[in-house]
Number of protein chains: 2
Amino acid sequence: MINYTDTLRKHNLKATPQRIAIVDALFLNGHVSTESLYSIMLEKFSSISLATIYKNINLMLENCLIYEVKLPHAKSVYELTKSSHSHLLCKKCGNIEDVDINLETLVDKISKITEFQIDKTDFVLSGNCKNCHSF
Amino acid sequence: MINYTDTLRKHNLKATPQRIAIVDALFLNGHVSTESLYSIMLEKFSSISLATIYKNINLMLENCLIYEVKLPHAKSVYELTKSSHSHLLCKKCGNIEDVDINLETLVDKISKITEFQIDKTDFVLSGNCKNCHSF
DNA sequence: TACATAAAGAATAATCTTTATCTATTAAGT
DNA sequence: ACTTAATAGATAAAGATTATTCTTTATGTA
Ligand SMILES: [Mn+2]
Ligand SMILES: [Mn+2]
Ligand SMILES: [Zn+2]
Ligand SMILES: [Zn+2]
């Protein structure tokens, strides 16, 4: 297991075993919901409190260590902060994939038309993944 | 006030006064949260139950009369279903605007690259609106 | 390495938020 | 007008999130 002590400290968070495990769970699982994270954490810390999960998710969000992805017709999932990217959601199996699309020129165009100063995008494309539509 | 009886019936919903008022509130206000809709409704129906709001929002969602817009760092808002469009969110004043961008070619490209069959997009662009960055 | 201290974890209560239940009322078809 | 299934309102229940309290611990300093 990678040592996430530095990562946590860089984001002004004390490196507790629980937090290190949370970061590791996100690293290994990609996009994780609160309940799902709680289950994962219970395996390592049989007496961890759900409040600890919520508290840390919020702290990590505030300190930009993790990012919340809001999905249509589903609960939010959380991931380690990476460079801005979009998401593919399979409506059948629930699979979530990252996709890197360069939205710069598109955003510039919208910015000019609307006179909005845009600095962030949340883009979720829903449908059926390869496995779910290939039969 | 427009008569929304037909609109409701077309979506398999009985045209009750409360529902007509909900549709009207969405038509007049654009993007509305649950609590906000509740306040608006209380003015016309001083004894309306919050459960009625939730029940109807869910029914209208199921019957595709309204659409849920999930926003980063904010509660969901609901709007009358229109043709697919994207949203601009001002981080400063909370203003939400519709924007029609043709995402077809972009979606086609992503579909080919990822082998996902995409039939829906949720695109929210955040930043500062004209009023909030022009000074 | 030991100490001091602010921060964090666990347990649990409290506070939202949303849904379920029950009864009286009503929309809508006949 | 009559019938009936659906809905509204009141309220309880369930679910999700946050606050509180007390104990433990990470981390900087001597
Ligand atoms: Mn992602
Ligand atoms: Mn809209
Ligand atoms: Zn799938
Ligand atoms: Zn603004």
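We name chains A, B, ... by the order of the sequence lines, and we start the count at 1 in each one.
Atom OH in B/Tyr78 sits roughly 12 Å away from atom P in C/dT17 (whole-Å rounding). As a whole-Å value, the separation of A/Lys55 NZ from D/dT25 P is 15 Å. To the nearest angstrom, C1' of C/dA10 lies 14 Å from CD1 of A/Ile22. Rounding to whole angstrom units, CG of residue A/Asn58 and P of D/dT18 are separated by 5 Å. Rounding to whole angstrom units, OH of residue B/Tyr38 and P of D/dA8 are separated by 14 Å. Atoms CG (B/Leu8) and P (C/dA28) sit 9 Å apart, rounded to a whole Å. Rounded to whole Å, atom P of D/dT7 lies 10 Å from atom CE of B/Met60. Taking atom CG of residue A/Asn56 and atom C1' of nucleotide D/dA26, one finds them 14 Å apart after rounding to whole Å.
Remark: side-chain polar atoms of B/Thr81 are paired, donor with acceptor, to backbone N or O of B/Cys64 under 3.5 angstrom.
Of all the heavy atoms in A/Lys70 and B/Ala74, the pair that sits closest is NZ-O, 2.7 Å.
Residues from residues 43-52 of chain B placing a heavy atom under 4.0 Å of any atom in DNA chain C, listed by number, are B/Leu50, B/Ala51. Of the residues in residues 9-19 of chain B, those with a non-hydrogen atom less than 4.0 angstrom from any atom of DNA chain D are B/Lys14, B/Thr16, B/Gln18, B/Arg19.
Residue pairs that meet the ring-ring contact (aromatic ring centres under 6.0 Å, His included) test with at least one member in residues 88-126 of chain B, sequence neighbours left out, are A/Phe123-B/Phe123. Counting only residues at least two apart or in different chains, salt bridge (Lys or Arg N to Asp or Glu O under 4.0 Å) contacts with residues 97-107 of chain B comprise B/Lys82-B/Asp98. A salt bridge (Lys or Arg N to Asp or Glu O under 4.0 Å) check over residues 42-52 of chain B, counting only residues at least two apart or in different chains, returns the pairs B/Asp24-B/Lys44. Annotation: salt bridge (Lys or Arg N to Asp or Glu O under 4.0 Å) contacts involving residues 12-21 of chain B, sequence neighbours excluded, are absent. Note on residues 108-118 of chain A: no pairs pass side chain to side chain donor-acceptor pair (under 3.5 Å), not counting sequence neighbours. Sequence neighbours left out, the pairs with a member in residues 84-94 of chain B that pass salt bridge (Lys or Arg N to Asp or Glu O under 4.0 Å) are A/Asp119-B/Lys91.
Alongside B/Leu89, the hydrophobic cluster contains B/Tyr67, B/Val69, B/Leu71, B/Val77, B/Ile96, B/Val124 (criterion: ILVMFWY side chains under 4.5 Å).
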Output one line per pair: protein atom, nucleotide atom from nucleotides 13-16 of chain D, and distance, for all N/O pairs under 3.5 Å.
{"from": "D/dA16", "atom 1": "OP1", "to": "A/Lys75", "atom 2": "NZ", "distance (Å)": "2.7"}

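Take A/Ser84 and apply the side chain to side chain donor-acceptor pair (under 3.5 Å) test, not counting sequence neighbours, and it matches no residue. The ring-ring contact (aromatic ring centres under 6.0 Å, His included) check on A/His85 picks up A/His87, with sequence neighbours excluded.
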